[in-house]
K.L.:
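Okay, here's the structure, questions in a sec.
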Amino acid sequence: MQADNHGQPHVPTRTYVLVGLFLAVMTALEIAVPYTAALKRAMVPILLFLGAVKFVTVAAFFMHLKFDRKVLSWVFGAGVFLATALGLALMVVLRV
């Protein structure tokens, strides 16, 4: 990786293309899961996992957290964890 004038790493275009392809595959999986009868019982955990993976990927590459201090990644990770826990708790309380 090269550094630009501000000392930030420069990521090659190929990396962004590969990340975009990865996100497209993840989206295709998210669309396929509800249509797969064998996955009906595990649909919610699978979709939560896929959504979390996509969030982390976008935050790491497109928000450049991969190249920033680790504390920022922990803050974002804690936010995702707390939001997921809150959503699951509401689902349990409301019996959704």
K.L.:
Applying the 4.5 Å side-chain criterion to the ILVMFWY set and letting contacts propagate, would Val53 and Val33 be lumped into a single cluster?
P.N.:
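Looking at the clustering, Val33 is in the same group as Val53.
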K.L.:
Are Trp74 and Leu72 co-members of a hydrophobic cluster defined by side-chain heavy atoms under 4.5 Å apart?
P.N.:
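No; Trp74 is not reachable from Leu72 via cluster members.
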K.L.:
As an exercise, state the distance from CG of Leu23 to CG of Leu18, rounded to the nearest 0.5 Å.
P.N.:
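That separation rounds to 11.0 Å.
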K.L.:
Give, for atom CE of Met26 and atom CZ of Phe49, the distance between the pair rounded to the nearest 0.5 Å.
P.N.:
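Going from the CE atom of Met26 to the CZ atom of Phe49 covers 6.5 Å.
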K.L.:
Look at the side-chain heavy atoms of Ile, Leu, Val, Met, Phe, Trp and Tyr, link any pair under 4.5 Å apart, and say whether Ile31 and Leu48 land in one connected group.
P.N.:
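No, Ile31 does not connect to Leu48 through the hydrophobic network.
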K.L.:
Is the NZ atom of Lys40 crowded by more than 12 outside heavy atoms at less than 6.0 Å?
P.N.:
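Count over threshold, so yes.
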K.L.:
Linking I/L/V/M/F/W/Y whenever any side-chain heavy atoms sit under 4.5 Å apart, do Val56 and Phe81 land together?
P.N.:
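Cluster IDs for Val56 and Phe81 differ.
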K.L.:
OG1 of Thr57 to CZ of Phe61: how many Å apart, nearest 0.5 Å?
P.N.:
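One gets 7.0 Å once the value is rounded to the nearest 0.5 Å.
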K.L.:
Which pair of non-hydrogen atoms, one from Glu30 and one from Leu47, has the smallest distance, and what is that distance?
P.N.:
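Minimum heavy-atom contact is O-CD2, 3.7 Å.
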K.L.:
So, taking the atom named CG in Leu39 and the one named CD1 in Ile46, what distance separates them when rounded to the nearest 0.5 Å?
P.N.:
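It is 4.5 Å, given to the nearest 0.5 Å.
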K.L.:
Any non-hydrogen side-chain atom of Leu88 less than 4.5 Å from a side-chain atom of Met91?
P.N.:
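Touching, per the 4.5 Å side-chain cut-off.
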